[in-house]
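Below: one structure, written as structure tokens.
For clarity, every value in this text was computed on a predicted model and none was experimentally measured.
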Amino acid sequence: RLGGPSRELYLQGGAAAPAGGADPSSFVTELQLPVAQRTAQVTIPGQEKDTMEPKIITKPAFTVVGLPFQGYISQGPYADGANNNEIGVVWDELNRRAAEIKHFTGPAYGVCFGMPNPDEPWYLAGFGVSEATDVPPGMMSLTVPAQKYAVFACTLGELSQTYRHISEEWQPQSGYERAEAPDFELYGEDFDPMDAQHGKMYVYWPIR
């Protein structure tokens with residue numbers, strides 16, 4: 001699988017050609033693609049014999065109210081400095097303000113509805129609600145339409161690994177296409193935020 005950014009090396013001609021009169025048919029360019037070994041399968045700790053195979057479901061439309069996130073995600077859980085835009089910080093604030101959300105039905109959702117960027121919200125940490133009225137200051141509501149999903153069980157500690165498995169391994173071989181719809185994390189009753197290695201959560205990946 002791809003392991004990083006690709007690059008072009010102009011050995012003769014191309015971007016390094018002198019101005020005027022160069023014959024493009026004589027140009028020599030090397031395309032370099034970094035690769036990494038593809039993981040054979042992803043397993044859940046304690047269930048090493050089970051591959052990470054999803055359930056295919058159709059989920060009805062639902063509405064979430066919570067705190068939006070914009071920016072990029074740094075490598076550490078709570079990085080210092082100007083780019084301290086950690087999603088974990090947003091969840092901490094949401095948990096402190098959870099009592100402000102009206103018409104609460106649960107569970108908790110982490111909805112990714114755009115590409116990471118510093119200019120506008122693309123992720124929403126929130127809770128399910130029966131109606132999006134009386135939205136607290138600084139929060140927003142988002143309604144996700146009914147959609148077919150591949151649902152992957154994992155733990156919080158496995159979240160990055162799970163998304164990597166979905167996009168790099170499962171999706172290309174699944175026979176499904178990714179639908180133009182938000183993907184999201186669902187944190188239900190069996191999720192324990194104090195035990196990231198064992199508390200179960202679910203990734204919902206939109207398909208068609």
Side-chain angles (χ1 to χ4, degrees), residues 1-4 35-69 72-73 75 77 86-88 90-91 94-95 105-116 121-130 141-208:
R1 64 175 177 84
L2 287 177
V35 296
Q37 184 174 3
R38 184 185 295 275
T39 304
Q41 67 179 29
V42 177
T43 59
I44 300 173
Q47 300 178 356
E48 284 75 10
K49 295 182 180 180
D50 297 334
T51 58
M52 187 179 285
E53 287 301 318
K55 292 183 178 180
I56 307 300
I57 70 164
T58 297
K59 182 174 174 58
F62 63 97
T63 301
V64 178
V65 167
L67 289 169
F69 173 85
Y72 297 109
I73 307 171
Q75 296 301 313
E86 288 303 325
I87 287 180
V90 177
W91 278 104
L94 177 70
N95 289 330
T105 60
Y109 293 93
V111 186
C112 182
F113 56 93
M115 294 298 292
W122 59 271
Y123 179 90
L124 180 63
F127 292 99
V129 296
S130 58
S141 65
L142 179 69
T143 297
V144 179
Q147 173 65 47
K148 180 184 287 187
Y149 296 94
V151 183
F152 297 80
C154 65
T155 66
L156 187 60
E158 300 167 339
L159 185 57
S160 296
Q161 181 186 19
T162 301
Y163 270 110
R164 186 165 59 249
H165 167 72
I166 294 170
S167 60
E168 296 179 1
E169 299 183 30
W170 181 83
Q171 179 76 78
Q173 303 174 31
S174 67
Y176 293 100
E177 295 181 10
R178 192 195 191 286
E180 294 296 327
D183 58 87
F184 61 90
E185 307 139 22
L186 186 148
Y187 302 86
E189 294 180 354
D190 48 357
F191 176 74
D192 181 1
M194 303 305 295
D195 186 2
Q197 298 304 317
H198 298 94
K200 187 175 292 186
M201 56 177 290
Y202 301 89
V203 173
Y204 281 65
W205 188 257
I207 57 175
R208 60 182 181 183

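Atom CZ of R178 is separated from atom CD1 of I207 by 11.0 Å, given to the nearest 0.5 angstrom. Put simply, CD on Q173 and CD on E168 are 11.5 Å apart, with the number rounded to the nearest 0.5 Å. To the nearest 0.5 Å, atom CG of residue D183 and atom OG of residue S167 are 10.0 Å apart. In this structure, N95 CG and L67 CG are separated by 9.5 Å, a value rounded to the nearest 0.5 Å. The CE atom of M201 sits 6.0 Å away from the CG atom of L156 when rounded to the nearest 0.5 Å. Distance check, rounded to the nearest 0.5 Å: CG of L94 to CG of L124 gives 8.5 Å.
Between S130 and T105, the shortest heavy-atom distance links the atoms N-CG2, 3.6 Å. Across all their heavy atoms, W91 and A125 have their closest contact at CE2-CB, 3.4 Å. In plain terms, the two heavy atoms of G188 and P107 that are nearest each other are CA-CB, 4.1 Å. Taking both residues in full, the closest heavy atoms of C154 and T162 are given as CB-OG1, 3.2 Å, listed atom of the first, atom of the second, then distance.
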From CA spacing to verdict: side-chain hydrogen bond (donor to acceptor under 3.5 Å, both in side chains), Q147, Y149
CA-CA 6 Å; Q147 173 65 47; Y149 296 94; 5.7 Å; no
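Under the rule for a ring-ring contact (aromatic ring centres under 6.0 Å, His included), the partners of F62 that lie at least two apart in sequence or sit in another chain are Y109, F184.
Between the Q161 side chain and the E158 main chain, no donor and acceptor come within less than 3.5 Å of each other. T63 places no side-chain N or O within donor-acceptor distance of the main-chain N or O of V129, the cut-off being under 3.5 Å.
At a threshold of 4.5 Å between non-hydrogen side-chain atoms, the residues F113 and V144 do not count as touching. In this structure, P54 and W205 have side chains that are not in contact, with every pair of non-hydrogen atoms separated by 4.5 Å or more.
If you run ring-ring contact (aromatic ring centres under 6.0 Å, His included) between F152 and each of Y202, W170, Y204, only W170 comes through.
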